[in-house]
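See structure below.
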Amino acid sequence: MRLEALLQSKFGFSAFRPGQKEIIESVLSGRNTVAMLPTGTGKSLCYQLPGYMIEGQVIIISPLLSLMQDQAEHLMMNGEKKVIAFNSFLTRGEKKQALIHLNQYKFIFISPEMLYYESVLSQLKKLRIALFVVDEAHCISQWGYDFRPDYLKLGEVRKIIGNPVTLALTATATAEVKADIKKSLGILDCSEFIYSVDRPNIALSVERLENFREKTERLVELAGILQGPGIIYFSSKKMAEQSAELLRDKGAKRVMAYHGGMDQESRILVQQQFIHGQLDLICATSAFGMGINKDNIRYVIHFHMPLQIESYLQEIGRAGRDGNQSIAIMLYAPGDEQLPIQLAESELPDKAQIDWIKEWIEENPNAIQNIGPFEEQIKQRSGLTDVQWRIFNDFFEKKSKSGLDYRRILQEMKEYYEGRIKLKRDSIEEVYKWIYKKTCRRESILSCFDEEKNASVPSCCDICGLQLENFLRNTNSDNQESPLYDWKNHLEYLLIPSE
DNA sequence: CGCGTTGGTCGTATGACCAACGCGGTGCTATACT
């Protein structure tokens, strides 16, 4: 009862949503906890409420600045003053001040990168930490190995600051990812609260087409007839932009692109316009999604295949949060799997680059002690991208500390990368096989999460039978709000060869 | 890897053909400079 009373007085809710209470009780009893809750709201309550019941600070590790800002703001709107998003939006002076007065805050949002700074760690060590929260914890597994290595250091950080009670929150994690989370955080012995990842109101469909052109034509067609709002996912920024333009050319007025190459301001603008119903359609890369709280998205189309089933689930999971019928359509043409393979492989330094670095070290033996200052030189001459360099440097530094010979390190590195690439190829193949599956698509996705389809789903998937008509825009309504484009003229457009 | 784009060839008007080339995602931070 005490929990319910606090829920009412602090947050104004009269009842918990499924899962929340169990998770909160687990955390309050001092157990490390992994919680996998369906997408949508409700996860943040799992750390906010305990925060008010335990003495000390709540540290929340967040993957995105925008998420941090959002959540901090949200808490402040709710009357909480002792909140800080400790990130690069603060000036140097503000950071310094905040560090000195860290113990005056209740909720501290921070990125894995910032967390690892010595100045931050030494201050954190002095605190009495009530709860260590890892939000979107699948990032550990999904980003830690070859994109944001600081994600893999969370366990080390946790140890340094005295093994505080830890709560890992995510919406999608396979058994492997879950194991990864527990292992890297060092919480092998923990409580688990796992809820189904199934979203019965999202119909699943794969359309196999002959080639790129056919896919594009089908995309234009679908965007013209489907009930919006919708998201179309691409694995190329250029394609996302070109397609948004193409759809506008075909008459769709309220379409915008969204990708990581855009400046922060336009990204926020597009996102806000979409959330507030001023746009019907977003042509996006995987940059679009986390933190998007819009409950009436009716369809998600994939023009390119994602690199993992989980990413797919995350991306389509943005549809139908209101519980109404929605659809996810994957467009596939033979050869499409090459793009994700290429993306996965280009992420890590290749053998030739590692060999190049080996030669460079032979010519510059003094650099081994501290290779960091040579970053620009090495990057420029070996052709390593920023991400590749960081992954390389992280591995090199870690192994150097343990006193390994550089030749041995580079050899181990090659082997390690080879293993990573194999894993990535395997997960791409899983998506590929799923596309060619002849059995229920929901069933096979769920099986990746060790789940079974236990109820019959009315509009399940293209294999079980699906009426696309159920997802079309109501053409009778002369709704001036969203005249996406003139569907009747559409076929004629398609007959005109593109310029 | 395989797609689309680009630009050259042919040989005299337009477009068919082909080889060469480029492209391909996700975010944090600091520092020095304007």
Side-chain angles (χ1 to χ4, degrees), chain A residues 61-69 85-92 95-96 109-120 135-136 138-154 209-216 233-243 246 257-264 267 283-291 302-308 310-312 314-315 331-348 350 372-373 375-376 385-391 393-394 421 424-425 428 432 497-499:
Chain A
I61 315 303
S62 175
L64 300 181
L65 295 175
S66 59
L67 273 184
M68 264 184 241
Q69 297 294 117
F86 192 88
N87 58 36
S88 57
F89 289 162
L90 302 180
T91 63
R92 204 186 291 194
K95 270 184 262 185
K96 205 171 163 187
F109 292 86
I110 191 166
S111 68
E113 286 83 2
M114 195 62 115
L115 190 64
Y116 202 68
Y117 279 95
E118 187 46 49
S119 53
V120 176
D135 198 13
E136 308 287 354
H138 59 276
C139 292
I140 292 176
S141 193
Q142 204 165 314
W143 280 353
Y145 295 97
D146 19 50
F147 185 48
R148 291 173 68 178
D150 286 341
Y151 252 107
L152 291 185
K153 299 176 188 160
L154 290 180
L209 298 136
E210 283 304 308
N211 51 41
F212 177 85
R213 194 189 152 83
E214 268 191 22
K215 241 172 42 167
T216 310
Y233 276 107
F234 300 85
S235 296
S236 146
K237 300 178 210 170
K238 206 168 147 193
M239 276 296 303
E241 278 188 1
Q242 283 176 354
S243 303
L246 174 74
Y258 183 102
H259 56 74
M262 289 161 49
D263 60 71
Q264 204 65 30
R267 285 176 68 163
C283 293
T285 61
S286 55
F288 190 73
M290 261 198 267
H302 277 76
F303 190 83
H304 290 133
M305 40 183 286
L307 281 80
Q308 298 153 349
E310 289 144 272
S311 322
Y312 187 63
Q314 273 161 28
E315 286 162 5
L331 301 178
Y332 174 84
D336 276 3
E337 62 282 1
Q338 294 307 328
L339 177 54
I341 290 175
Q342 196 51 34
L343 285 174
E345 293 194 351
S346 61
E347 202 162 41
L348 297 165
D350 62 30
E375 172 176 347
E376 283 315 314
T385 63
D386 288 352
V387 175
Q388 285 173 329
W389 161 262
R390 207 188 30 241
I391 299 297
N393 190 39
D394 192 71
I421 284 173
K424 286 151 178 267
R425 275 179 170 273
I428 293 166
Y432 175 80
S498 56
E499 296 118 62

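Both A/L307 and A/N211 sit near DNA chain B, but only A/N211 has its closest nucleotide nearer the 5' end.
Between A/L343 and A/H304, every side-chain heavy-atom pair lies at or beyond the 4.5 Å cut-off.
Looking at A/D336, its side chain does come within 3.5 Å of a backbone N or O of A/A333 through a donor-acceptor pair. Here the side chain of A/K215 pairs a donor or acceptor atom with the backbone of A/F303 at under 3.5 angstrom. The backbone N or O of A/F147 lies less than 3.5 Å from a partner atom in the side chain of A/R390, making a donor-acceptor pair.
Side-chain contact check for A/H138 and A/E310: no donor-acceptor pair (N or O, by modelled atom type) lies under 3.5 Å.
Atom P of nucleotide B/dG2 and atom NZ of A/K215 are separated by 14 Å, given to the nearest angstrom. One atom, CG of A/L67, and another, C1' of B/dT26, lie 13 Å apart when rounded to the nearest Å. Distance, A/Y432 OH to B/dC1 C1': 13 Å, rounded to whole Å. Between the P atom of B/dG25 and the CD1 atom of A/I341 lies a distance of 16 Å, rounded to the nearest Å. Separating the CZ atom of A/R213 from the P atom of B/dT5 is a distance of 10 Å, rounded to the nearest angstrom. Rounded to whole Å, atom C1' of B/dC3 lies 15 Å from atom CD of A/E210. Distance NE2 (A/H304) to P (B/dG25): 10 Å, rounded to an integer number of Å.
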Which pairs, protein N/O on one side and nucleotides 20-24 of chain B N/O on the other, fall under 3.5 Å?
unit_1 : atom_1 : unit_2 : atom_2 : d
B/dG24 : O3'    : A/S235 : O      : 3.3

| note | Readout for nucleotides 27-34 of chain B: B = base within 4.0 Å of protein heavy atom, S = sugar-phosphate only, - = neither; 5' to 3' it is BSSS----
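Paired runs in DNA chain B that reach 3 or more consecutive Watson-Crick or G-U pairs, where each pair keeps both distances under 3.5 Å, cover B:1-10 with B:15-24.
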